[in-house]
Amino acid sequence: MSRQRRASQSRTRSRDEVTTVARDPHRTGRRLRILPLVAAALVSVPLLWLAIAFSLEVAQIAVYILQLGAGGWAQFGVGLMSVGGFVCLVGALACLYIGWRRDTWAWRWSWAGATVLAAGLMPLLWLVTGTLWG
């Protein structure tokens with residue numbers, strides 16, 4: 001091959017690469033796939049606030065329960081309730097991060113649901129056990 005022919009082919013290739021790489025055809029699809037995670041984050045914020053508020057309130061009461069000399073299971077339960085809100089926060093953030101890394105609709109919806117479930121674990125525990133603290 002001659003030098004001129006190779007030079008003209010390389011210029012043609014570089015122009016083709018620039019025109020094909022310049023615009024992303026899947027840009028709007030990516031924006032739409034973010035919506036389940038954004039909706040899950042918005043729904044989980046009040047649930048996380050309730051869970052953390054409950055945990056802080058139980059942590060204040062835990063001191064008195066320990067001073068009264070409660071049994072081992074009561075101390076274990078109070079300890080779990082006092083760290084439960086922060087566990088919910090970490091779980092919800094982990095689910096959002098994992099869902100952000102997935103690219104398909106099914107995985108995004110699944111991790112969005114897991115985010116809401118992780119955030120609502122403590123308020124759901126309130127309803128099941130009937131220990132709503134006010």
Side-chain angles (χ1 to χ4, degrees):
M1 241 188 212
S2 69
R3 286 186 179 177
Q4 289 178 343
R5 192 172 187 186
R6 276 189 252 156
S8 67
Q9 283 180 349
S10 67
R11 277 185 253 140
T12 307
R13 284 185 199 150
S14 66
R15 287 184 196 139
D16 289 341
E17 289 175 9
V18 170
T19 56
T20 56
V21 175
R23 185 170 184 279
D24 186 11
H26 304 291
R27 181 176 48 194
T28 57
R30 286 191 192 126
R31 288 183 184 163
L32 285 176
R33 283 193 295 258
I34 293 173
L35 288 179
L37 296 173
V38 170
L42 291 175
V43 168
S44 64
V45 166
L47 296 172
L48 286 171
W49 182 80
L50 287 172
I52 291 172
F54 177 74
S55 292
L56 291 174
E57 190 169 331
V58 169
Q60 292 173 356
I61 296 170
V63 174
Y64 300 118
I65 290 175
L66 293 174
Q67 287 177 352
L68 288 174
W73 285 109
Q75 292 176 0
F76 179 71
V78 168
L80 281 180
M81 285 190 290
S82 63
V83 298
F86 300 104
V87 170
C88 290
L89 175 66
V90 170
L93 290 176
C95 289
L96 281 175
Y97 177 74
I98 294 169
W100 185 267
R101 303 294 293 168
R102 303 293 177 176
D103 204 29
T104 60
W105 275 99
W107 280 107
R108 294 246 172 149
W109 280 106
S110 300
W111 285 106
T115 300
V116 173
L117 185 65
L121 189 63
M122 288 297 286
L124 182 66
L125 185 64
W126 292 354
L127 294 175
V128 170
T129 61
T131 56
L132 181 62
W133 296 58

Taking side chain as C-beta onward, heavy atoms only, is [X] less than 4.5 Å from [Y]?
X    : Y    : result
R108 : T104 : no
I61  : V78  : no
W100 : I34  : yes

If two hydrophobic side chains count as joined below 4.5 Å and joins carry through other members, does [X] share a cluster with [Y]?
X   : Y    : answer
L48 : L56  : yes
V87 : V116 : no
F86 : L93  : yes
I65 : V58  : yes

Is the number of heavy atoms from other residues, nucleotides or ligands under 6.0 Å of W105 CH2 greater than 12?
-> yes

Does S55 use its side chain to pair, donor to acceptor, with the backbone of M81 at less than 3.5 Å?
-> yes

How long is the straight-line distance from [atom2] of [Y] back to [atom1] of [X], given to the nearest 0.5 Å?
X   : Y    : atom1 : atom2 : answer
S82 : F54  : OG    : CZ    : 9.5 Å
L37 : W111 : CG    : CH2   : 11.0 Å
L68 : Y64  : CG    : OH    : 10.5 Å

Please find the pair of heavy atoms, one from [X] and one from [Y], that lie closest to each other, and give the distance.
X    : Y    : value
A51  : A119 : CB-O, 4.4 Å
A118 : A92  : CB-N, 3.8 Å
S44  : T115 : OG-CG2, 4.1 Å
L50  : P123 : CB-CG, 4.2 Å

Does the side-chain contact (heavy atoms from CB on, under 4.5 Å) test come out yes or no for L47 and M122, once each step is laid out?
-> CA-CA 8 Å; L47 296 172; M122 288 297 286; over 6 Å; no

